[in-house]
Structure formats: structure tokens, C-alpha cells
Amino acid sequence: MRLLVVEDDTLLGDGIKAGLTQEGYAVDWVEDGEAAELALKTNQYELIVLDLGLPKKSGSEVLKNMRLQGNDMPVLILTARDTVVDRVKGLDNGADDYLTKPFDLVELAARIRALLRRRGGRSTPVIRHNRLEVDPAAHQVSVDGLVVDISPREFTILQLLLENRGKVLSRSRLEEGLYAWNDEVESNTVEVHIHHLRKKLGAELIRTIRGVGYIIDKV
């Protein structure tokens with residue numbers, strides 16, 4: 001899952017990026033509102049963590065422009081402004097959640113999981129599909145209650161396909177979810193990870209739509 005972090009405090013931004021990377025996310029980090037809008041135009045993200053007090057263009061402006069353009073990506077606002085008026089304004093402008101500085105990275109990660117869960121239309125934290133269970137918080141996959149060992153990138157591909165059941169995701173779309181800007185992209189990495197997932201979880205789980213991409217069918 002690829003996230004965009006927009007935070008102008010270098011120490012905090014670096015810490016957020018490191019913490020979310022440790023959680024298994026591919027994270028891009030920018031430090032001003034104009035860079036955020038450029039990143040949103042040129043990359044596919046699952047969620048944006050957005051500070052309000054940014055140089056060049058405020059987080060509020062970035063958020064307003066996103067919603068005016070029809071971008072419904074989940075937005076988690078970070079801010080030092082902790083008044084009720086500020087929180088209400090942020091939510092009314094289109095934010096999905098609000099976290100006041102200082103905060104704990106554990107809570108940030110939990111709020112991100114909750115927003116992604118809601119976007120996927122799930123009410124429960126565990127993703128269930130036939131005999132398969134995927135726990136994003138624990139990064140654990142099990143079949144018939146038995147834990148299956150899969151790599152972090154295999155987990156990301158599996159989660160993306162499960163969150164989009166019934167939709168075909170292209171190879172490039174899956175790559176977008178795997179790699180941040182500075183990551184080295186391997187030419188056949190998606191195919192290799194799909195092959196491993198089929199060996200571990202069953203060949204019938206992920207279907208290839210030739211020339212289009214991959215799909216996990218709805219139950």
C-alpha cells in the first residue's frame with residue numbers, strides 16, 4: 001500500500017516515513033503543498049497523511065482542490081491546531097480523520113488501517129475470503145486457521161487484490177502499491193510475487209486476465 005505524507009517538519013516527516021515504512025507501507029514524503037499536488041497528479045496512492053500548516057500552499061487548499069477534482073482518497077489530517085473549530089473545519093472541508101500533534105505512531109498506523117478498511121467497505125479489521133484470513137494490523141495471513149509465511153510485498157499485493165475484489169488490477173497498478181520513489185523497481189517483481197502467492201495460497205485464488213492484469217473474484 002502506497003501512502004503520501006505531506007509534512008514540512010523535517011524531523012517529524014522523516015519519523016513518520018520511517019515508522020510507516022516499518023509497518024509495511026511504501027511511503028512518499030513531500031514538504032510543501034505544491035509538491036503534494038504534483039505528487040497526487042503523477043502517482044497513485046491509497047491514502048494521504050496531510051499537515052495543514054504547509055509552505056507554498058496550505059494543507060487546507062490541497063484538500064479542497066482534491067475534493068473539487070473528485071479525488072475521494074482518504075485524507076488523515078495532522079495539525080498542531082487543536083481547537084474544536086479547527087477540527088470541524090478540517091472535517092467539513094473533506095478530511096476523513098484528524099490527529100493532533102504530538103501523536104503516537106502506533107495510533108497513526110491504527111487510524112490509517114481504519115480509514116483503508118472503511119474505504120474497502122469493511123466493518124471488521126480482518127479480511128476474510130473463503131478459507132483465507134488476512135490481518136493487516138498483524139501482517140498475518142492464514143488458511144483454515146493455519147498461518148502462512150508470506151513476504152511483506154506479497155502481503156501488499158494480496159491486500160490490494162482483496163480490497164479490490166471483483167476488479168482487475170494492472171501490473172503497473174500493483175507496482176504503484178509496492179514502491180516508493182527511491183525504491184528500486186524490479187522488472188518482473190509482480191509476476192514473481194503472484195507466482196509465490198499461488199503456490200502458498202492456492203492456484204485458483206488469483207486469476208490472470210491476459211493483457212489486462214490480475215483479479216481475485218468476489219465470493
CZ of Arg131: more than 12 outside heavy atoms within 6.0 angstrom? no

| task | Give a yes or no answer on whether the side chain of Asn130 reaches the backbone of Leu132 with a donor-acceptor pair at less than 3.5 Å. | result | no

Only one of Leu160, Leu161, Leu162 passes side chain to side chain contact (heavy atoms under 4.5 Å, CB included) with Leu158, and that residue is Leu162

Any link between Val192 and Val141 through a network of hydrophobic side chains (Ile, Leu, Val, Met, Phe, Trp, Tyr) touching at under 4.5 Å?
no

When hydrophobic residues are tied together by side-chain contacts of less than 4.5 Å, even through go-betweens, does Val27 share a cluster with Leu105?
-> yes

Are the side chains of Arg117 and Pro125 in contact, using a 4.5 Å heavy-atom criterion?
yes

message = Test side chain to side chain contact (heavy atoms under 4.5 Å, CB included) on Leu4 and Trp29; report intermediate values, then the result.
response = CA-CA 6 Å; Leu4 178 63; Trp29 166 37; over 6 Å; no

Walk me through it: do Val75 and Leu47 pass the test side chain to side chain contact (heavy atoms under 4.5 Å, CB included)? CA-CA 6 Å; Val75 176; Leu47 178 145; over 6 Å; no

In terms of heavy-atom contacts, Ser60 and Leu52 come closest through OG-CD2, 3.7 Å

Exercise. Does any non-hydrogen side-chain atom of Val49 lie less than 4.5 Å from one of Glu7?
Worked result: no

Answer with yes or no whether the hydrophobic clustering places Phe103 together with Leu20; edges join I, L, V, M, F, W, Y residues whose side-chain heavy atoms lie under 4.5 Å apart.
-> yes

### Task
Report the C-alpha separation of Leu116 and Tyr25 in whole Å, then their side-chain angles, then the decisive distance to 0.1 Å, and conclude whether the side chain to side chain contact (heavy atoms under 4.5 Å, CB included) test is met.
CA-CA 12 Å; Leu116 293 175; Tyr25 297 106; 4.0 Å; yes

Scanning both residues in full, the closest heavy-atom pair of Ala26 with Ala180 reads CB-N, 3.7 Å

_Membership question, hydrophobic clusters at under 4.5 Å side-chain separation (ILVMFWY): are Ile215 and Leu197 in the same one?_
no

Indicate yes or no: at least one non-hydrogen side-chain atom of Tyr98 is less than 4.5 angstrom from one of Leu78. no

OG1 (Thr124) and CD (Glu133) are apart, to the nearest 0.5 Å, by 9.0 Å

Side chain to side chain donor-acceptor pair (under 3.5 Å) between Ser170 and Ser172, worked out | CA-CA 5 Å; Ser170 67; Ser172 61; 3.1 Å; yes

Query raised in the report: Salt bridge check: are Glu107 and Arg111 linked by an N-O gap of less than 4.0 Å?
Result: yes

When you look at Glu46 and Arg173, which way does the salt bridge (Lys or Arg N to Asp or Glu O under 4.0 Å) test go after all the steps?
CA-CA 11 Å; Glu46 305 303 321; Arg173 173 70 179 88; 2.4 Å; yes

Distance col, row Glu31:CD vs Leu12:CG, nearest 0.5 angstrom, shows 11.0 Å

Lys64 meets the side chain to side chain donor-acceptor pair (under 3.5 Å) criterion, sequence neighbours left out, with none

Those residues at least two apart in sequence (or on a different chain) that pass side chain to side chain donor-acceptor pair (under 3.5 Å) with Arg118 are none

Can a donor-acceptor pair be found, under 3.5 Å and without considering hydrogens, that links the side chain of Asn65 to the backbone of Glu61?
yes

Check your understanding: Any side-chain heavy-atom pair from Leu3 and Asp28 closer than 4.5 angstrom?
Key -> no

Pairing of Arg207 and Asp217 as salt bridge, 4.0 angstrom limit:
yes

Given the options Val30, Leu38, Asp32, Glu34 meets side chain to side chain contact (heavy atoms under 4.5 Å, CB included) only with Asp32

>> Whether Glu37 and Lys57 form a salt bridge (side-chain N of Lys/Arg under 4.0 Å from carboxylate O of Asp/Glu) is what I want to check.
In response: yes

Determine, for Arg67 against Asp96, whether the closest basic-nitrogen to carboxylate-oxygen distance falls under 4.0 angstrom. yes

Taking every heavy atom of Thr156 against every heavy atom of Gly177, the minimum-distance pair comes out as CG2-O, 3.6 Å

*asked:* Could you check whether atom CG of Asp149 has more than 12 heavy atoms from other residues, nucleotides or ligands sitting under 6.0 Å from it?
replied: no

>> Donor-acceptor check, side chain of Glu176 to backbone of Gln44, threshold 3.5 angstrom: yes or no?
In response: yes

- Query: Can you find a pair of side-chain heavy atoms, one from Tyr214 and one from Ile194, that are under 4.5 Å apart?
  - Reply: yes

Quiz prompt | Backbone of Lys167 reached by a side-chain donor or acceptor of Asn164 within 3.5 Å | solution = no

Q) When you measure from the side chain of Thr208 to the backbone N and O of Arg210, does any donor-acceptor pair fall under 3.5 Å? A) no

(request) Flag yes if more than 12 heavy atoms outside Leu11 fall under 6.0 Å of its CG atom; otherwise flag no. (result) no

Note, Tyr45 side chain near Asn43 side chain (heavy atom, < 4.5 Å): yes

Here the pair of heavy atoms bringing Pro136 nearest to Phe155 is CA-CZ, 3.8 Å

Q.
Looking at Lys101 and Asp51, is any side-chain nitrogen of the basic one under 4.0 Å from a carboxylate oxygen of the acidic one?
A. yes

- request: Answer whether the closest heavy-atom distance between the side chains of Leu76 and Leu108 falls below 4.5 Å.
  value: yes

With side chains defined as the heavy atoms from C-beta onward, is the minimum distance between Asp97 and Ile77 less than 4.5 Å? no

query = Are Leu174 and Val168 connected in a single hydrophobic cluster, I mean Ile/Leu/Val/Met/Phe/Trp/Tyr linked by side-chain heavy atoms less than 4.5 Å apart?
reply = no

Can you tell whether the side chains of Glu204 and Arg198 come within less than 4.0 Å, N to carboxylate O?
no

Just by modelled atom types, is the Leu54 backbone N or O under 3.5 Å from a matching donor or acceptor in the Asp8 side chain?
no

OG (Ser151) and NE2 (His193) are apart, to the nearest 0.5 Å, by 5.5 Å

*asked:* Let's go through Gln159 and Met1 carefully: what are the C-alpha distance in whole Å and the side-chain angles of both, what is the deciding distance for side chain to side chain contact (heavy atoms under 4.5 Å, CB included) to 0.1 Å, and is it a yes or a no?
replied: CA-CA 8 Å; Gln159 185 176 357; Met1 294 284 193; 3.6 Å; yes

Met73 and Ile48 have their tightest heavy-atom pair at SD-N, 3.7 Å

